[in-house]
Amino acid sequence: MTSHTTEVDLEDLLRQALHAMGTDARWTVEADETWCRVAPVAGTRRTQGWKLHVSATSASAPAVLTRALRVLLREQSGFKFARSLEQVGALNSRATPRGSSGKFITVYPRSDAEAAGLAQELHAATAGLAGPRILSDQPYAVRSLVHYRYGAFVGRRRLSKDGLLVWFIEDPDGNPVEDKRTGQYSPPSWAVCPFPATVPAVPRGGEATSRPVVLGGRFAVREAIRQTNKGGVYRGSDARTGAGVVIKEARPHVEGDASGGDVRDWLRGEARTLERLKDTGLAPEALALFEHGGHLFLAQEEVPGVTLRTWVAEHFRDVGGEHYRADALAQVGRLVDLVAAAHARGLVLRDFTPANVMVRPDGELRLIDLELAVHEDEDALPSRVGTPGFSAPERLADAPVRPSADYYSLGATACFVLAGKVPNLLAEEPADTPTEQRLAAWLTACTRPLRLPDGVVDMILGLMRDDPAERWDPHRAREALRRADRASRPRSAAEPSVRPGSSTGAAVDDVVAGLVDHLVESMTPGDDRLWPVSTQAGESDPCTVQQGAAGVLAVMTRYFEVTGDPRLPGLLSTAGHWIADRTDVRSPRPGLHFGGLGTAWALYDAGRVVDDRRLVDHAVELALAPPLVTPHHDITHGTAGSGLAALHLWQRTGDTRFADLVVDAADRLTAAVRREPSGVGWAVPAEADSPEGGKRYLGFAHGTSGIGCFLLAAADLSKRPEHRELALEVGEFLVADAVRTGEAAQWPAQSGDVPTAAYWCHGAAGIGTFLVRLWQATGDDRFGDPARRGAHAVMERASRSALTQCHGLAGNGDFLLDLAEATGDPVHRDMAEELARLLLAERAHRRGHVVFPNEYGDVSTSWSDGSAGILAFLLRLRHAGPRHWMVARQG
């Protein structure tokens, strides 16, 4: 975006319009970081109805707003607009969710009649100006900037049956209905549209016609590969030849700049690049560049195979770590040659990533998605767009185009192939440690588990130097690969190289202290959330274990128990009462991680530690309240989780009412079990109104291993043989479903699928958590052996893992500590130490605190995907003690 555009102040345009029209006294104006909200002083506002959206580009936004204000300020309907051109650009970026993109101005009409009138006036006022199509809405007319949809006017949210907060509207009978904000116009069936039908509506989901879509009169679309804000990518066939094709779409005005350029220019650039590479074997052949329905399309030959990103995941899964290592090194050599060949033809790739390389069935590599590539004698398009983690830092800061940026991307891609990921090194404050030094620390931690030959780490670090002038070129990288000592073989990845020493312990202690400092100072009792969390995967109740305050409270309670930190009694009391004041004891949600019973668990333990009777009493009242009826059976959302929490509270209190809840939960699970040829289990019911409906998971969070673990523990209390026998049956089913690759045992998410990652949620770490307890209870090594093999799966995938409890090293490390306690074999504790070293290598320091990235690159404090879950593992590693959200066996 150029400087003369950023000088325009959109709020100043509003002030000028209010003054010019003499309407200052009729309106109130409020602004936050994103929106400027304008509301009439008099009048009432509807909670839902037909609302209008007006789109604009960064270049057209001042004119669009100026013209729209002449209409809006004459009326009495409230509205809002993006308060800066930077925000307009963000709304129109390729990364913006399709359900949110393009909505520069939002209008909240007072009636349907006013909605229709305003739409007509705004359409006339903004005719001829530029703006993208708003995908969630219906255009008022062809090429109109004005769009409409039925939805909420005020922010009303409720918890879905999955435990996530969703926006809602009400049907005519007053029943809540989710206000889904997707990339498709889909009004509720009962909403009568007040607008003229000037543009044919796109068929709703499930109403697609049977006729094939033909683009450009030649290319028949078979399926969508992906849909993003910039447009879709489709797989189809060429009617002239019958050959397979890939068709890329570019929507007008997405990533628009001040000069009027947008993603259509990127697609034209890709067509030129493919033409330059014709007959080189480096990229697919371009077949046609054409417009259809106002959108630009590029058809190119289909490259058989899978993306390099997919190859890395699937090949590692299929052949195991030992065989994968040699294949990965050979693949890195091909990548070096691929970049060198592109540069030899004067091409700078600018977005070289594992997603933009195809691996053909014969092993050959092809470049795809070359929309940002430029020839050395071409004028470059704006270069801030890239792929974090793979794009060189200067690329994302609009530096001039240089081949050295591709060297960085080559190093990152080689790292991804060898290690399974590129570490997410969060920015530090202050930035005292160079990024390349932090990357070196992470690669050093990975070296022994990955069994990398000498020189390979130096090659990656050389390619990814912070200073572009110091980066290795492909020739030097190729020489390093040739010199690599392929004969050197470090010890097994599952066998620690050294026993843990004081230096590791001291590093863990420092990180624990930094994490606690962060949690102490980031607590905000005056906000809607007690601690900051990431909501990338959806937002849940702010009081629960999964993403809410209860998860943090539980870990801080444990920290106080082992350290006696004098800061914490007041913090625990404040946090506990914050949660208690916001939990409804009338009808709590079931489940441990998303439900009221997990919250009660955390409150009880905190109240007991700080001797706060009110917290203890509230926890008991919450835990004994009749829960909402649930179709879920699992730990996180359902009956097993509620039963596990009740069992913990029975162990704490001896209150027989909790014992009754435990037995009742076990009885209900026993009655609900289904036995099929594929095995024993509990499907997520269709009536759960969840995308998971009908699935029968094996893992701990949502499946049979978590349920089996509860039944095994409940049997100690109930003494009912049917509870124990069902737990044994579940264990035998899981043993039969294990997939062995070398020394490792893996499991699929559902019986019959391919194995999944080795995490607590769905994979070996969670299933092993149950099997090791079943082995302890029975002494039967049919259960102990696959649990120990699950540890090998965890270690093989250590460098590939995220850091957190649900899907990462913290949850995997807790499983290894379970094994260490059960077996008495120090090798499993040493494995946990190995995971801790990997985890610590991705820490970041911010103003004296320690933070870690979650799977989305955000900083979060939550149990499932944030620092609380990481802290829990590190505390247990240093101070022993029980595992969070598990119960000790009795008798």
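Contact annotation: the side chain of Thr804 never approaches that of Phe852 to less than 4.5 Å [non-hydrogen atoms, C-beta and beyond]. Between Asp781 and Arg788 there is a side-chain heavy-atom pair separated by less than 4.5 Å. Counting only heavy atoms from C-beta outward, the side chains of Trp682 and Val673 approach each other to under 4.5 Å. Looking at heavy atoms from C-beta onward, Trp775 lies in side-chain contact with Thr823 at the 4.5 angstrom threshold. Using a 4.5 Å cut-off on side-chain heavy atoms (C-beta onward), Thr544 and His593 make no contact. Here the side chains of Leu871 and Val512 are in contact, with some heavy-atom distance below 4.5 Å. Within the 4.5 Å cutoff, no side-chain heavy atoms of Leu817 are placed close to those of Arg883. Residues Phe658 and Thr653 form a side-chain contact, since some pair of their non-hydrogen atoms from C-beta on lies under 4.5 Å apart.
Using a cut-off of 4.0 Å between Lys/Arg side-chain N and Asp/Glu carboxylate O, Asp541 and Arg589 are scored as not salt-bridged. The residues Glu821 and Arg876 are annotated as salt-bridged, a charged nitrogen and a carboxylate oxygen being separated by less than 4.0 angstrom. A salt bridge links Glu729 to Arg675: at least one charged side-chain nitrogen sits closer than 4.0 Å to a carboxylate oxygen.
Using a 3.5 Å distance cut-off with no hydrogens or angles, the side chains of His723 and Ser718 do pair a donor with an acceptor. A donor atom on one side chain and an acceptor atom on the other are not found under 3.5 Å apart for His807 and Ser864.
Every salt bridge (Lys or Arg N to Asp or Glu O under 4.0 Å) that Arg529 has, sequence neighbours left out, goes to Glu539. Legend: residues meeting salt bridge (Lys or Arg N to Asp or Glu O under 4.0 Å) with Arg724, ordered by chain and number and at least two apart, are absent. Contacts of Asp655 classified as salt bridge (Lys or Arg N to Asp or Glu O under 4.0 Å), with partners at least two apart in sequence or in another chain: Arg657. A search for salt bridge (Lys or Arg N to Asp or Glu O under 4.0 Å) contacts involving Lys421 returns Glu842, not counting sequence neighbours.
No donor-acceptor pair closer than 3.5 Å links the side chain of Arg740 to the backbone N or O of Gln746. A donor-acceptor pair under 3.5 Å links the side-chain atoms of Gln750 to the main chain of Arg696, judged by distance alone. Between the Arg558 side chain and the Pro882 main chain, a donor and an acceptor come within less than 3.5 Å of each other. Proximity of a side-chain donor or acceptor of Thr756 to a complementary backbone N or O of Pro748 within less than 3.5 Å is not detected. Of the possible donor and acceptor atoms, none in the side chain of Thr310 sits under 3.5 Å from a partner among the backbone N and O of Val306.
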_Derivation of the side chain to side chain contact (heavy atoms under 4.5 Å, CB included) call for Leu592 and Leu597_ = CA-CA 6 Å; Leu592 175 55; Leu597 270 293; 5.7 Å; no

*How far apart are the C-alpha atoms of Met886 and Thr769, what are their side-chain angles, what is the distance that settles it, and do they pass the side chain to side chain contact (heavy atoms under 4.5 Å, CB included) test?*
CA-CA 10 Å; Met886 300 294 290; Thr769 293; 3.8 Å; yes

*Should Ile579 and Leu603 be marked as a side chain to side chain contact (heavy atoms under 4.5 Å, CB included) after you check the CA-CA gap, both sets of side-chain angles, and the distance that decides it?*
CA-CA 8 Å; Ile579 296 169; Leu603 286 175; 4.0 Å; yes

*Take Leu515 and Arg843, measure what side chain to side chain contact (heavy atoms under 4.5 Å, CB included) needs, and give me the verdict at the end.*
CA-CA 10 Å; Leu515 283 171; Arg843 68 188 182 274; over 6 Å; no

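Within the structure, the salt bridge (Lys or Arg N to Asp or Glu O under 4.0 Å) test picks out the following pairs touching residues 596-609 (sequence neighbours left out): Asp605-Arg652.
Taking each heavy atom of Ala787 and Leu819 in turn, the nearest pair found is O-CD1, 3.8 Å. The shortest heavy-atom contact between Gly752 and Asp737 is N-OD2, 4.5 Å. Summarising the geometry of Gln547 relative to Ser534, their closest heavy-atom pair is NE2-O, 2.7 Å, with the distance given to 0.1 Å. The minimum heavy-atom distance between Leu840 and Val508, with the atom names listed, is CD2-N, 3.8 Å. The minimum heavy-atom distance linking Gly591 with Ser642 is given by the pair N-OG, 2.8 Å. Here the closest heavy-atom approach between residue Ala625 and residue Pro588 is recorded as CB-CD, 3.7 Å.
Between Trp311 and Tyr324, the ring center distance clears the sub-6.0 Å criterion. A distance below 6.0 Å separates the ring centres of Trp863 and His884.
Rounded to the nearest 0.5 angstrom, Arg720 CZ and Leu711 CG are separated by 12.0 Å. Note that the NE2 atom of His792 and the CD atom of Glu743 stand 4.5 Å from one another [nearest 0.5 Å]. How far CZ of Phe873 is from CG of Leu816: 7.5 Å, rounded to the nearest 0.5 Å. In this structure, CZ on Arg797 lies 12.0 Å from CE on Met795, to the nearest 0.5 angstrom. We find the NE2-OG1 distance between His632 and Thr639 to be 10.0 Å, quoted to the nearest 0.5 Å. From Asp660, atom CG reaches atom CG of Asp667 across 10.5 Å, with rounding to the nearest 0.5 Å.
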Listing, residues 701-710 side-chain donor-acceptor contacts under 3.5 Å, not counting sequence neighbours, or none:
residue: His702; atom: ND1; partner: Asp634; partner atom: OD2; Å: 3.4
residue: His702; atom: ND1; partner: Thr636; partner atom: OG1; Å: 3.1
residue: Thr704; atom: OG1; partner: Leu698; partner atom: O; Å: 3.4
residue: Ser705; atom: OG; partner: Leu698; partner atom: O; Å: 2.9
residue: Ser705; atom: OG; partner: Gly699; partner atom: O; Å: 2.9
residue: Ser705; atom: OG; partner: Phe700; partner atom: N; Å: 3.0

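Around NE2 of His323, the count of heavy atoms belonging to other residues, nucleotides or ligands within 6.0 Å does not exceed 12.
Screening Thr861, Leu803, Val555, Val511 for a side-chain contact (heavy atoms from CB on, under 4.5 Å) involving Ile870 leaves a single residue, Leu803. If you run side-chain contact (heavy atoms from CB on, under 4.5 Å) between Phe783 and each of Gln776, Arg773, Glu732, only Glu732 comes through.
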